[in-house]
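Single-structure report; data block below.
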Amino acid sequence: YNSASAGYITGNVTSTAPKYPEAFFEVCAFPAGEALNRNSAKYRSPVRFSSFYPSENGGAYSLLLPPNQHYDLYLIVSHYDENDLESATIRGALSNIPAGASGSVNPNQDFTYQSEGRAVNGRVTYNSQGLLFAHVYLEDLSGRLVGFADTDQNGNYHLYNAPAGNYKISAWHSDYGSSPEFPLQI
């Protein structure tokens, strides 16, 4: 598909609260019905995404997508630290949004970013040694992915913009597998 044959989904992200200064917004489109969870987050890339540093009040996005298909859209607040390690929190979702026929636009698929959230910091270790490139997952109590972060050379992670609530947190590393889940209240 190309710009003439694609379907479009467009919208705005309205920001009613501050965010971490280095963070940026991403609106990501995944095939409808394919759950975004800690297992799929390791291996799946969105069909398309739109990234932007929002102005004080938000910003607009536009997704060029294969036509005549439905997508689940996620508003993600991403942050990369000085070592290029990623932290991301999912702050909104829209389900089963049609891209429409070739050249058509599905406008006004809007998100509202309402709160900055809090930072969650920790360390992932194995035999008391910090693990580089472990993936840390924050999920709500129903198992819905809320955010994820990568660890640095000392096993430290920083997950920014996590909303208040009760969660479970776990880690996964390609050499050591999954950790147990631990309860976490933010």
Contact list for residues 172-186, test salt bridge (Lys or Arg N to Asp or Glu O under 4.0 Å), sequence neighbours left out: Arg38-Glu181, Lys168-Glu181
Residue pairs passing the salt bridge (Lys or Arg N to Asp or Glu O under 4.0 Å) test where at least one lies in residues 158-167, sequence neighbours excluded: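 Of all non-adjacent pairs touching residues 158-167, none passes salt bridge (Lys or Arg N to Asp or Glu O under 4.0 Å).
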field: Contacts of Asp140 that satisfy salt bridge (charged side-chain N to carboxylate O under 4.0 Å, His left out) - sequence neighbours left out
entry: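 Listed in chain order: Arg144.
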What residues, two or more places apart in sequence or in another chain, satisfy side-chain hydrogen bond (donor to acceptor under 3.5 Å, both in side chains) together with [X]?
{"X": "Asn106", "answer": "Gln109"}
{"X": "Ser78", "answer": "Glu26"}
{"X": "Asp150", "answer": "His135"}
{"X": "Ser5", "answer": "Asn2"}

Which atom pairs, donor and acceptor, lie under 3.5 Å between side-chain atoms of residues 120-127 and protein residues at least two apart or in another chain?
from: Asn121; atom 1: OD1; to: His158; atom 2: ND1; distance (Å): 2.5
from: Arg123; atom 1: NE; to: Asn154; atom 2: O; distance (Å): 2.7
from: Arg123; atom 1: NH2; to: Asn154; atom 2: O; distance (Å): 3.4

task: Under the side chain to side chain contact (heavy atoms under 4.5 Å, CB included) rule, collect the residues that match up with Ala32, sequence neighbours excluded.
output: His70, Asp72, Asn96
message: Holding to ring pair (Phe, Tyr, Trp, His ring centres under 6.0 Å), I want the full list of residues that pass it with His173, two or more places apart in sequence or in another chain.
response: Tyr176
message: So, using ring pair (Phe, Tyr, Trp, His ring centres under 6.0 Å) as the criterion, who are the partners of Tyr8 when residues are at least two apart?
response: none
query: With clusters built from Ile, Leu, Val, Met, Phe, Trp and Tyr whose side-chain heavy atoms come within less than 4.5 Å, directly or transitively, what are the remaining members of the cluster of Phe133, listed by chain and number?
result: Leu85, Leu132
